[in-house]
Amino acid sequence: MADAAVVTDPLTDMVGKFIAFNKVLTTRTAIAQTPKELVWTLNKAKLYRYIPVVPKEQRHPTPLLLVFALMNRPYILDLRPGHSFVEFMVNSGYDLYLLDWGVPGPEDKNLKFDDYTLDYMPRAIRKMKSIAGVEEFSMLGWCIGAILTTIYAALRPDDGLRNLILLTAPLDFSNKDAITFARWTDERYFDVDKVLATFGNMPGEMIDYGAKALKPVENYIVNYLKLWDNIDNPQVTEAWQAMNTWVTDNVPLAGGVFRQLIVDLYRNDLLMRGEWMIRGERVDLSNITANLLTVIAEGDHITPPCQSQAILSKVGSADKELFSVPGGHIGIMAGSGANKRTWPLIDGWLGRRSK
Amino acid sequence: MGDEQATNGKPPDPMEAFRGLRDSYLDAWAKAMVETVNTDAYAQSTGIVLDTYLSASSPFRAAVEKAMLHVLEQLSMPSRADFVGLAERATNIEMRLDDMDAKLDRIEILLTKPEANKRKANPAVKNRKQNKGAK
């Protein structure tokens with residue numbers, strides 16, 4: 001009898017695993033738990049301020065604004081309690097703000113980088129400075145967010161930007177062989193106008209497919225096998241479910257931005273060539289004088305490291321550094337090792353420059 | 001081997017060898033696929049698939065939109081274009097409000113901290129001072 005209690009029926013075991021597997025796949029986990037308040041809105045964009053937990057006199061006086069990509073939810077920065085960059089930075093004494101771009105609707109299909117950087121960002125930054133009661137601020141841009149912050153820093157160098165952090169920034173599109181997206185969106189194969197004439201905005205599902213198809217076996221097979229193999233390990237399943245909640249929460253990209261991204265950047269590399277015009281103003285990278293930190297992910301297949309390196313030689317900043325971190329495009333900030341590698345690295349660099 | 005398992009207290013897992021083999025195979029496949037998707041041939045084939053889908057769905061999409069527009073008109077209901085126009089107007093109003101908020105902030109600063117505002121309002125004074133310092 002005692003032996004019978006220990007030995008599990010393989011069929012029951014398999015059914016139990018399958019039920020648990022299905023539950024993880026089909027349910028969403030609670031994410032973005034760090035307390036915050038909404039302080040500004042414009043159209044779909046929202047500016048949040050995270051409630052400080054460190055007394056004011058011990059806080060860094062320079063506020064930090066987080067700017068994430070346009071086609072993904074920004075809560076990857078605040079994925080789950082105990083594993084959140086936002087929580088880490090708030091606990092480290094930063095006055096932290098997050099610009100959430102929201103979900104563009106059909107009415108936003110003509111929005112361009114011009115609108116985001118010259119209409120939305122200056123207004124959000126003004127509000128942040130007004131609330132913080134300071135003139136100087138820091139900004140962290142990740143992925144497309146890094147393009148936005150770079151444009152802003154180049155076009156508005158006197159607006160008080162003191163520190164600029166670029167994470168996995170796709171800025172240099174000259175090495176087409178190394179950039180798979182550049183190959184796929186080549187004008188011989190991809191008709192951007194036809195896509196946008198059909199959909200208006202670039203559907204989130206298509207962007208998601210593009211990102212996953214860069215590593216199809218990992219994303220469509222290995223990822224799920226890892227979950228199956230570790231279905232009895234709550235630590236692994238919790239992390240997997242949180243990441244899956246984020247990955248499956250797709251956001252479309254405004255049509256105007258998508259066209260600029262493909263035509264101006266992927267095809268013509270206008271930013272690095274110094275020929276990109278944003279609402280009649282040339283984006284001159286030498287105008288950037290803020291302290292600059294560029295973080296690249298060594299295993300990044302979405303933004304290969306070669307896309308983020310050249311900016312250092314183009315900017316006018318006297319204080320500039322490049323950190324290379326092991327990991328992938330998302331993994332360096334949201335992976336299991338991020339709290340030991342990337343986050344302390346950013347805190348260390350920024351803390352010294354936020355006094 | 002048996003002793004080791006006894007010490008660990010875990011029953012032998014017959015699937016372990018299979019998993020190792022599976023992972024090696026998947027690893028090799030993954031590397032091959034990464035190389036495959038980064039080729040002109042793959043780009044061309046996905047381009048053709050997408051183009052075919054867009055060309056095929058376009059007439060149906062246009063027909064549905066036209067029919068829907070007609071139905072909405074008959075029912076005296078606003079169309080998508082009407083909502084888009086309204087949303088654009090709402091965003092413009094939001095921007096005007098935001099501009100007014102900025103102006104009110106400036107007025108507030110002017111009233112509460114006139115000295116600080118004078119310096120801020122006239123950056124030329126600041127620049128001249130900086131230039132003198134540089135000389």
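Proteins come first, then strands; the chains are lettered A, B, ... in the order of their sequence lines, and each starts at number 1. Keep in mind that the numbers below use all heavy atoms, side chains included, and drop hydrogens, waters and symmetry copies. Bear in mind that the values here come from a model prediction, so they are computed numbers and not experimental data.
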Just by modelled atom types, is the A:K226 backbone N or O under 3.5 Å from a matching donor or acceptor in the A:D229 side chain? no

Give me the ring orientation class for A:W184 and B:Y42: parallel if the planes are under 30° apart, tilted from 30 to 60°, perpendicular past 60°. tilted

Contact summary for A:G102 and A:D100, nearest pair of heavy atoms: N-OD1, 2.9 Å

Select one option (side chain, backbone, both, neither) describing which atoms of A:F199 are under 4.5 Å from chain B's heavy atoms. side chain

Heavy atoms of A:V251 and A:P104 approach each other most closely as CG1-CD, 3.8 Å

Any side-chain donor-acceptor pair under 3.5 Å between B:D27 and B:S24? no

So for A:L214, is it side chain, backbone, both, or neither that comes closer than 4.5 Å to the heavy atoms of chain B? backbone

Atom CZ of B:R89 with >12 non-hydrogen neighbours under 6.0 angstrom: no

Side chain, backbone, both or neither of B:D101 within contact of chain A (heavy atoms, under 4.5 Å): both

Test side chain to side chain contact (heavy atoms under 4.5 Å, CB included) on B:V84 and B:R80 and set out the steps. CA-CA 6 Å; B:V84 166; B:R80 170 182 283 213; 4.2 Å; yes

Apply the side-chain contact (heavy atoms from CB on, under 4.5 Å) test between A:L265 and each candidate in A:L261, A:D269, A:V263; give the one that qualifies. A:L261

Looking only at B:V34, B:D99, B:L54, the option with the highest number of non-hydrogen pairs under 4.5 Å against chain A is B:L54

Are A:Y120 and A:W40 close enough that their ring centers fall under 6.0 Å? no

Partner chain B: residue of A:E218, A:K215, A:K194 with the largest heavy-atom pair count (under 4.5 Å): A:K194

A:P106 versus chain B, the contacting section by heavy-atom distance below 4.5 Å: both

Against chain A, work out which of B:L86, B:D23, B:V37, B:T46 has the most heavy-atom pairs shorter than 4.5 Å and name it. B:V37

A:Y220 portion near chain B, given a 4.5 angstrom heavy-atom threshold: neither

Considering only heavy atoms, which portion of B:A102 lies under 4.5 Å from any heavy atom of chain A: side chain, backbone, both, or neither? both

Whether the side chain of B:E94 engages the backbone of A:N43 through a donor-acceptor N/O pair (distance < 3.5 Å, no angle test) should be reported. yes

Contacting moiety of B:L50, where chain A heavy atoms sit under 4.5 Å: side chain

Residue selection (most heavy-atom pairs with chain A, distance under 4.5 Å) from B:R19, B:M33, B:Q44, B:K31: B:Q44

Under 4.5 Å from a heavy atom of chain B, the part of A:D177 involved: backbone

With chain A as the partner, which of B:D40, B:T36, B:L26 has the greatest number of non-hydrogen pairs under 4.5 Å? B:D40

Between A:L118 and A:I278, is there a side-chain heavy-atom distance shorter than 4.5 Å? yes

Interchain contact, B:D105 with chain A, by part (heavy-atom threshold 4.5 Å): side chain

Can you tell me if A:K176 has over 12 outside heavy atoms packed within less than 6.0 Å of its NZ? yes

Structural part of B:S58 lying under 4.5 Å from a heavy atom of chain A: neither

So what's closer than 4.5 Å to chain A heavy atoms on B:S55: side chain, backbone, both or neither? both

Quick one: what part of A:R126 sits under 4.5 Å from any heavy atom of chain B, side chain, backbone, both or neither? side chain

So which part of A:K127 gets closer than 4.5 Å to some heavy atom of chain B, the side chain, the backbone, both or neither? side chain

Highest number of heavy-atom pairs under 4.5 Å with chain B: which of A:E107, A:K109, A:R183? A:R183

Does the side chain of A:K112 reach to within under 4.5 Å of the side chain of A:D115, using non-hydrogen atoms? yes

Between A:D186 and chain B, with a heavy-atom cut-off of 4.5 Å, which part of the residue counts as in contact: side chain, backbone, both or neither? neither

So for A:T41, is it side chain, backbone, both, or neither that comes closer than 4.5 Å to the heavy atoms of chain B? both

